[in-house]
Each structure stands twice: as C-alpha cells, then as structure tokens.
Amino acid sequence: MASTQSAPLLENLRFIIRGCAKHERRVFGLFALYTLCCALLPFVPVLLPKVMVAGLEEGSALAPLLVRAAAFAFMGMALAGAQSYARSMFDDHAVNIRIKVSCTFYERLMTMDFCDTEDPKVLERVRLSQDAFWANSIGFEGVMHIVFENTGRLLSLMGLAGMLVLLHPAILLLVLLGAAASFALSKRARAAEDAQQGKLARLSRQWNYLNDTAQDFSYGKDVRLYRMERWLLQKYDALRRARDGVQRRLKAAHVPRVLTEGLFVLLREGVVYLYLIDRILRGEMPLSDFAMYFAAVASFSAQLNQLLGEVARLRVENRRVDHARRFLSMPPAPSGAEPCPAQRPVSFRFDHVTFRYPDGKAALDDLCLEIKPGEKLAVVGLNGAGKTTLVKLLTGLYSPTQGEVLVCGTPVSRIGREAYFRLFSALFQEVRVLAMTVAENVAMCPAPLVDRQRVEQCLKRAGLWEKIASLPLGMDTMLLKNVDLDGVELSGGQNQRLALARALYRDAPVVVLDEPTAALDPLAEAALYQQFAALVDGRTAVFISHRLSSTRFCDRIILMEGGRIRESGTHEELMRLNGEYARLFRVQAQYYQREEGEHIA
Amino acid sequence: MTATNRTKKEQRFGFRATLHTACYALMLMARHQPSFLFYLFAAGLFEAAKPFVAVFLPKLVLDEIAGGRDPLRLALLAVLAAVLSGLLYWVGGLLALRRDRENDKFDQLTDKLMGEKTLKMDYPYLESPETLTLIQQFRQGRMTQGGFSGAFGWALRDGLPAFLTMVGMLWVVLRMEIWVLGSIVVTVGLTLLILRRQMDAQNRATLRMGDTNRVYNYLVGLTIDFSYAKDVRLYDAQSMLTGKITNTLGGMWESVQVEYRTQAHCRVVQAMLSQAQMALIYAALVAQAVLHGLSIGDFVLYSGAAVSFTGALLTTAISLMNVYSALRLIAPYTAYMHLPDLLRRGREPVPTATEEAAVVFENVCFTYPHAAHPTLQNLHLTLRRGEKLAIVGENGAGKTTLIKLLLRLYDPDSGRITLNGRDISALDRDAYLDELAVVFQDFKLLAFSVRENLCIGEGEEERMRDALAKAGMKEAVDACPRGAETSIYRLFDEEGVEFSGGERQKLAIARALYKDSPIVVMDEPTAALDPIAEAEVYGRLNDLIQDKTAIFISHRLSSCKFCDRVAVMENGAVTQLGSHEELLATDGLYRRMFDAQAQYYV
C-alpha cells in the first residue's frame, strides 16, 4: 500500500513553502509575528498572579498594584491582539494558497495521460492525493497550520522550561519523563491504529458504498420490487458492528496511555505540591511563587502534551501532502512538439500496433489498418473484440505499446497532444452533459468566447433547436440540477443530439462515432443517422456499432475479433465472403423479415 | 460565473428547524443509543471537575500555610490534590475514549437511519427534486460543519464540561464583592456581544459560500470523475473547467471577504478583551484585598474561580454557537426523516387467479408531480393470463411510467389497475409485489455475492442454480473462483469479479427468475448485449418465461416477433394493439418504426 512509503517531511515542507512563496509571501511575515506573540503570551497568566500576590504579601498600597495590573493588561492586550490578527490573516491566506495550489492539481488531473486514468494504482494515488486539498484542517493547509501554530509554542515551552529549572531541575525532568512516556505510548497506540488502518479504510469504503447505494435514488425501483431493504439494513448493522469492533480495539490501545498519563499527573501534582509547601514552610519562597509555579507547571505540561499531539497530527497530514506532491511530480502525459499535418481529408495508418493494458492483457494484437483520406470506416465485432481500444488509439488517448499510429504519414507520437486531439469530433454512447449552459455545452468553452450564432446553427442541424428555443432562457438555460436547482434535464435522445451539436460546433476533420444510438428508439435512431450524414460529409469517419444496420453508409467495414481484424470489405463483399460478418448480420436480420421465405443472403 | 439562484425548492432552515433537529437527535440517542448520552454526560462531568481541584486545593493549602501550618495536614492536602487530579484524569480519560467511540457509532447510526428512510419511503420522493435538494443540502451542511459528529463529537464535547464548570464556579463567583462581580459581568457582556457579531458574520459567510461551494464541488468532482476523461481531453474542456474553477474560487473569495474581515476584527477585539478581563479581575480582587482584607488563600481561590468562570463561559458560548450552526446546517436531515407517506396502503391479500385477464389498466391517467403534461392519458390495456405482450413506442411515450404504476411506485391520478379483478392499491404491497418480477432497463446489482444478489439474502441453492442456468450464466458463475459466493465488483472482496455488461444483464434476468413470480416484465432486457448474446437470450425466451405472463418493452422491435400481442404507445395511451403480423399489415406507427429498423437489413 502506498501509505507505508516513507514521507520525507522536509521535502514536503519545501513543496508547501514554494507554494506559499509563489502565491502569497505575506504569510511569512505573519508567521514571524504570530510566533513571537505565541512565545511570550503564556507568561502573562503565569506572572500576573505572582505579581499581584507578591504585592499583597508585601502589603503594598493599592495604586502601584493597579498600575502593575494595568501594565499587564496592556502587554497582554497587545500580544493577544497581534497574535489573533496574525492568525486570522494567516488563516485567510492559507485557504487561498491551498486553493491555488489545488488548481494545479485539478488541472493536472484533466491533462494527465488518459491511460493513467484507468490504472488502479494511479487512481489510488489520486484518491489519496485528493485529501491533501480537500479541507482547511487537513493535508496541505493542515501542515501549514500545524507549523504556523507550533513554532511559537515550542519557543514558549523553552521559556517555561527555564522557569521550571529555576524551581528545581528534577521537576522539569519529571514532567519531561511523563511526556516521553505518553509520547511513546501514543506511538504504540498509533502503531495499533496503523495495523488496523487497512481494515478501517476498507470498512469505511464499504460503508460509503452501502450508504451511497441505499441513498442512490436510481436504485429505488430494484430496492422496492425485490424488497431489498431488510437485506441492506442487515449489511448496515454488520458493518456497524465490525467498525465498532475495530474502534473498540483502537480505543483500547489508548488505555495504557491514559493510565500512564494519569499516573504522571498524580506524581507531578504530588511532587510539586509537596516541594512548594516544603520550600514555603522553610521560608525559602514567598507565597506568591506558589501560584506562579503552579501555573507554570500546569501550562508547561499542557503545552507539551499539545505539542506532542500536534507531532502525531503532522505525521498524518504530511503523508497526505506526500501523496499529492508525488502525484504532481509524475511526468506529464507524453506529447510530441510538431504541429498536425495540414492535409485534408485526413488519413491514418496503424502499423503493427499492439496495445497492452497495465496488467499485461493485450487488447490489440499486431494490428495493421489503413484509413484513406475521407474514408468512412465501420468497425464491428462482439463485446471485447477491441473496437473501443482501436478508437482510443486512433484519437491519441492511448499510445501503442508496440508499433505506431501515423496520421497523414507522420507518427502521432511526434505531434503535440492537444493539437492532435483537435483533429477529432467524437460522439460516445454515454453523453457527458456538463452542469453549465446549453451554449457552453455545445461550444465547450467559457461563455464569453462562445460563438452564439454558430451554436444556434449547430443546434438546428442537430435537430435540437426547437426544444432549446422553447426554454425561457434559450441557449443560456442551465443543464442538470447539480449546480442550478432549476436546471433542465434533457432526455436520452435529446442528450445525444446535444452531443451531435457539440461535434458539429467543433467542426473537426475526423469524426468518431462510438455506439451513439444504442439507447434510442427506432425513429429517433433513424433520424439521427440522417444527421450523422451531414456531420461526416467530406470528412474521414470511424463508426463503431453493435448493430450492423448502421454500417450501411460506410465505405468499408472491418470486423474485429480478439484484438485483430478478421474481415474487411464492403457490406456486399463481406456477405459474399459468408464469414463471421455474414453470420452476425443474419442473426440480427432474422428479426426483421416480413414474411416467411424472405431470407437475406 | 453563472449566477445560481435560490428557488422555492430550497427550504430555508432557521431557529425552529434547528431546535427540532437538536430534539430529534436527542430522541434518537435516547431511543437507539442511550449509552452515547450517558458517556457524553459522564465524561463531561469528570472533565468539568478538573478546574475545581485546580482552584480549591491551592486555596486550602495556602489557608493552612497562613493558619495552622500543620505539616501533616499540608502533606495530606498535597496527596489529596495529587490523587484527585490523577483520578479525574484516569476516569475522565477512559470515559472520553468510550464517548468518542459512541460518537462514531452514533454518526453511523444517523447514516443508517437515513438509508433506511430512503429504502422505505414512498417512491415518488425519489424522483422529486425537493427530496434530492434536501439530501444535497444535508450533505453540503455536513461537509461544512461536520454534521452530528461535528455538533456532538466536537462542539458539545468542549461545551458541556465548560458549561458544568461555569455553573459550579458561579457558586464561588457570586460570593465576590459587587465591583468584582460587576467587572466580570461587564466584560462577559461585551465578549458575548462581540461573539454574536462574529457568529452573524460566520453565518452570513456560510450562507454565501453555500451556493458557490456547490458549484466548486461539482467542478472539482468533474476533474476527478474520470468517466469524463475522454470528453475532457478530446474537447479541450480543461481550459474551460480550470477557468470556471478559478472564477468560482475568485467569486467565493470576494463574496466572503467582508465577512471574514468582520470575523477577524471580532477575534482580535475578543482576544484583547479577554486579557483586559483577566487584568481587571485581578485588579478588582487586589482592591478588595487591600481595602476590605482578603486572605491570600481566598485571593487565589477567587482569582482562579473568576478566570476559570469567564473562560468556561466563553467556551460554552462558542461551543453553543458551533453546535447551533452545525445543527442548523444539517436541519434538512430532520425534514427528510419526517417526510410523510404519499401512497395508498392496502391490506387485502392477493386474490387467486380466476379470470382470464391478469392485469387490467382501466382508464388510467397519470401526471408526474410538477409536470405540465400528463404522461398517461385514459390508458386502457388488458394483460391476459399466460400471454406475452410487447409494448413499444418512442422515447417518452409512457412505457416506463406504465411499469412504474404497475409496480405501485406511483398511484394513478384517476382510473384503476386491477389484478385478478381487485384494485391493486387495496392489496397488501409486499404480497402484491411477490406477483411481479421486473428486469429494469437501468437494473442495479450490488457489490455483494452473486448468491445474495439473486436471492436478496440467503436463499435456496437449488432455485438459484436453476435461475442461473436459465439465464445462461451458470457456466460463467461456475468458472469464478468461488462460484456463486463470488462478489460482483471488488469492493467487498479482493477476489470479486467485474462481470461484463452482458453478464450483468443476465444476472439481472436470473434475479428476476429466482423470484419466480407469475408476471414477468422485461424493460429493454438486451440493450447491453451484442447480437450473438441477444439472439441467445431470445433463443431461450420460452424457457425463461414458460407459462408465465410477460411484458416486454424494447426499442428493438425484433422482440415483438416472439410476443402474442404488441401494444403500441403514443402520447400516454395505447394506440395500436394486435399481433406483430396484424400491426405490420396496418399503416401506423408500428410499421414506420419497424421499417426504420428493417431498412438496414434488406
């Protein structure tokens, strides 16, 4: 598991400091101010009682005592005010810095190699990295706060330690010993936690799955029909029990710590009381010191415990930052530098292309394929034959494991990634509608850059304009309800038309259609085919489909099987060949014979 | 940035709703987990006692030093102080560990209860934007302030002992002289005023952040949801999304700057005030000591008590504030848990089959809540016992809605549906649902074992094997390392199997077969299958259905050939009804649809 890797604190701190320096340098000044105040402020409540009681002991007059109280008040107010100011400003900037750094992270997610987005190892790293930027108390910002708040604490601890040494070095030693014992024991408890960590994480994941599923409204029909509620509630209970069992063990691991800490509290209080009483009885110490030293010892051990707790927290948060830093230091997606060949229509050549998934499974096996300029190619085959992999290689989402894809004679690997992506208009079976305006969904660029006339034109050509025009806000209507609760949700067919308009707006020289009509009714499907004709007109096009019907407007059909091309030719040629294609075709065609004896082929 | 406007759909939750949520949460604790209440208070009590040892024992020691100076008594006092401190630490610490565990458990309980509500509530809620909004508001609120765990685990954890300390210290504080008391009252009053201002600013900021946060979370979610990765890359969407994220954040930043500044000012003033307060208390006590005489022991007691009291009061107030805002943000939970029943609940047993007609839709009309147009209009349809009926029509013609009404997921607005002659809404729901097995178009399998998915729990071995065999999944399941105990997906089981789309569809069919109900409904059962697999399913259809009554819904008219009758739906009513051959002979929608598909195969 990635979390067992060592997480170098210094390197991660450097990463954070670089982020601070880049986005908001003022935090360094605030840090200095806060640390100074933090170091001094704890002495105010320690010294004030001493000064007051000493005054009373000496039988001092009221006025000088009030003056001293006032002096403390001013000193305390100045320090506390400055401290609070520095803290507030820092908090404010810290959010800002974290968010700015997180933008780099999110940008990276969108540009990382597509192949990595399907790699479980990378996905795990992404999941872990995500936490680094999620909230202000954890990860990147968490470490910022821990360092910010505890440097001053460390300084004030040193000052208080000096006071304790003045009292008696053995008392300091006792307190330190207690802290050391507590630290060692909490380390042991944490080790127990780490041992359960995997189990706990798994239980959390399962809990989240169960809870998300139970609350996922799209499961509602199945849940009710199959009366799943009892079953799922039993799962809830089982997981809850399992988690509580782990929690019990985790908490039990803290029991020795609590007991030992209590013991040291007992010892410390006893020793300090007895020692102070003894000194006072001997007349070696004024009564006023009694209160002061008490406050000092209490403050010292409280702050020391807090500091040690923060060290433990730092360890956890540092690990999160580490994941994020490592993710961001992964090499960017491979990309060539050359521009795309300007030749139109575009041609492609697959030259002995093999593609293996990270797990070593070959999805394409030594595939050779020529797509001529302006050719309309249909790719058919059963599930798992490698059709979608072929499209991903064609569009540059995957890079071949062996062999090469060439566009107009130039290897794709030499061409700039984004320039290459711009060659394609793609339509997939699942339309990814964004919770933005219709216009933004069609143009896929920020609102001010949208060519509204062209959006209208494309919507008209895609046969969706009537629907959009009927909405009160027209093409400025928000889609989906994720962002705007009044957003509009289009039907499956309308979404596919929206995707078509998107492809039309893009106006790219190559069109890729990956089963775009699978969810549509026959009339809608037939109508959409008409519109595809307009989309692919004069362009190179690749069309993937289960349903062989759709292949009829293509120049050539290839049938894939086991990552290779098994048959290739026009519909008529393949039917004459009487091979796998002909078999598939007949299987589907049998349902559409009007009368007995009207067999095809 | 796109302006997001709040609408009437989004309920506002104010003081009453928050109070209701607090009471509801306490009720849940009392009913389901009283141990949490116990440990919460017990741990709080011990935590609250600590300051008393720190305040009273020094006084006793100092009094003894000033008075008798008896070494033995002093030693006893020292030991008493040490033992009390140690005991409080031990017991308090152990109770706190247990309380934290209970808190974790309670958080899960609230999850479970909400899940239970969702699993059991009437289906129309699941398709209503209001319900979805409630859930979203709750999740957003929980993320902002930690939900129940934030309210009870954090805020109340500090607040409760502070409150108890405060009440206890009041006993000492009230014995002080009037001007000492006065200085406490004045500074405390000022502090509370400032806190209130700070809280208002914080609430305003949370409110303003709410909408932007939703946008931000959505956008960030898009970058992490890799099912968008293809589209994002091929359509250069990253620049648009990055731009939007930056803009949203910029907007968020701007919108709360004023509130942040106010809060920062309040914090500064409050930090200074608390220092002034401390100095003032000492000054007042010194004055009392000098002017009226006060033993050093009492001085230490009073000053300690006053400082402890004001500190506890501040903590109580802040904690109350946090509890309040955490609960206010999750008030949608309470509203969600109290959504009332919507549907008719009959109690009658299912009548035995006597008539030829199994199910009859009589003049059924139905309009979805908030929809402008009816989805079903005066629909008449008879399903004969033992027949196979295909229902076809364009997207949006009302096919799926018809199934939803048949399943009593909705009640018809008018007209009625009968089973064996009885209105289905009069029947006991569970018994009625036993009559129906449906494979939905968007069927869902869960990440548990194949067996559990089929049998919805334990089940019968023989029947399960039979269902798997009929659905054509027996070989595939037997080939898995643990057979029917193999988990679907890898979430609960490292050895789980990711079945393909086609295999999942067959499993869904097997689940319906296992149910062995007299009426079977298949809504696009072959959508995810390739031609060969589709042909295979159709090939064994008679095996699957046997002599049961069946309804098929499909876009691929191919399935109609196997059916006894075809019903064509248009605009919420059945417009054509007859056998495949009869309908092809008639000029109508059916023929047009068939031709549209068949043209590619001739």
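The basis for the numbers below is simple: all heavy atoms, side chains too, and nothing from hydrogens, waters or symmetry mates. Just so we're on the same page: letters track the sequence lines, and every chain starts at 1. Since the structure is predicted, the reported quantities are computational estimates derived from the model, not experimental observations.
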Q: Check each atom of Ser274(B) against the heavy atoms of chain A and say whether the ones under 4.5 Å are side chain, backbone, both or neither.
A: neither
(Q) Tell me whether the NZ or CZ atom of Arg432(A) lies within the 45° cone about the ring axis of Tyr228(B) and under 6.0 Å from its centre. (A) yes
Q.
On the six-membered ring of Tyr123(B), is Lys221(A) placed so that its NZ or CZ lies under 6.0 angstrom from the centre and within 45° of the ring axis?
A. no
Q) Could Glu452(B) and Lys235(A) be called an ion pair, given the rule that one side-chain N must be under 4.0 Å from one carboxylate O? A) yes
Q. Is it the side chain or the backbone of Gln263(B) that comes within 4.5 Å of chain A heavy atoms, both, or neither?
A. neither
Q: With a 4.5 angstrom heavy-atom cut-off, could you sort out which part of Ser288(A) is near chain B: side chain, backbone, both or neither?
A: neither
Q: Name all residues meeting the ring pair (Phe, Tyr, Trp, His ring centres under 6.0 Å) criterion together with Tyr209(A); count only those two or more places apart in sequence or in a different chain, and write none if there are none.
A: Phe492(B)
Q.
Given heavy-atom pairs under 4.5 angstrom as the criterion, report whether the side chain, backbone, both or neither of Lys105(B) touches chain A.
A. both
Q.
Which atoms of Thr395(A) are under 4.5 Å from chain B, going by heavy atoms: the side chain, the backbone, both sets, or neither?
A. both
**Q.** Region of Ile224(B) that comes under 4.5 Å of a non-hydrogen atom in chain A
**A.** both
Q. Relative to chain A, which segment of Leu234(B) carries a heavy atom at a distance below 4.5 Å: side chain, backbone, both, or neither?
A. both
Q. Cationic tip of Lys230(B) within the cone over Phe114(A)'s six-membered ring, i.e. under 6.0 Å and within 45° of the normal?
A. no
Q: Give, as side chain, backbone, both or neither, the part of Glu64(B) having an atom under 4.5 angstrom from any heavy atom of chain A.
A: neither
Q) Salt-bridged, Arg506(A) to Asp236(B), with N to O below 4.0 Å? A) yes
Q. Taking Tyr226(A) for the side chain and Val438(B) for the main chain, is one N or O donor matched with an acceptor at less than 3.5 Å?
A. yes
Q: Output the option from Met593(B), Arg69(B), Gln270(B), Lys112(B) having the highest count of non-hydrogen pairs under 4.5 Å with chain A.
A: Lys112(B)
**Q.** Side chain / backbone / both / neither for Arg408(B) at chain A, heavy atoms under 4.5 Å
**A.** neither
Q) At a heavy-atom separation under 4.5 Å, does Leu87(B) approach chain A through its side chain, its backbone, both, or neither? A) neither
Q) Given that the side chain runs from C-beta out, which part of Asp104(B) has a heavy atom under 4.5 Å from chain A: side chain, backbone, both or neither? A) side chain
Q | Structural part of Tyr125(B) lying under 4.5 Å from a heavy atom of chain A | A | backbone
Q) Is it the backbone or the side chain of Leu219(B) that comes under 4.5 Å from a heavy atom of chain A, or both, or neither? A) side chain
**Q.** Under 3.5 Å side-chain donor-acceptor pair for Ser84(A) and Arg267(B)
**A.** no
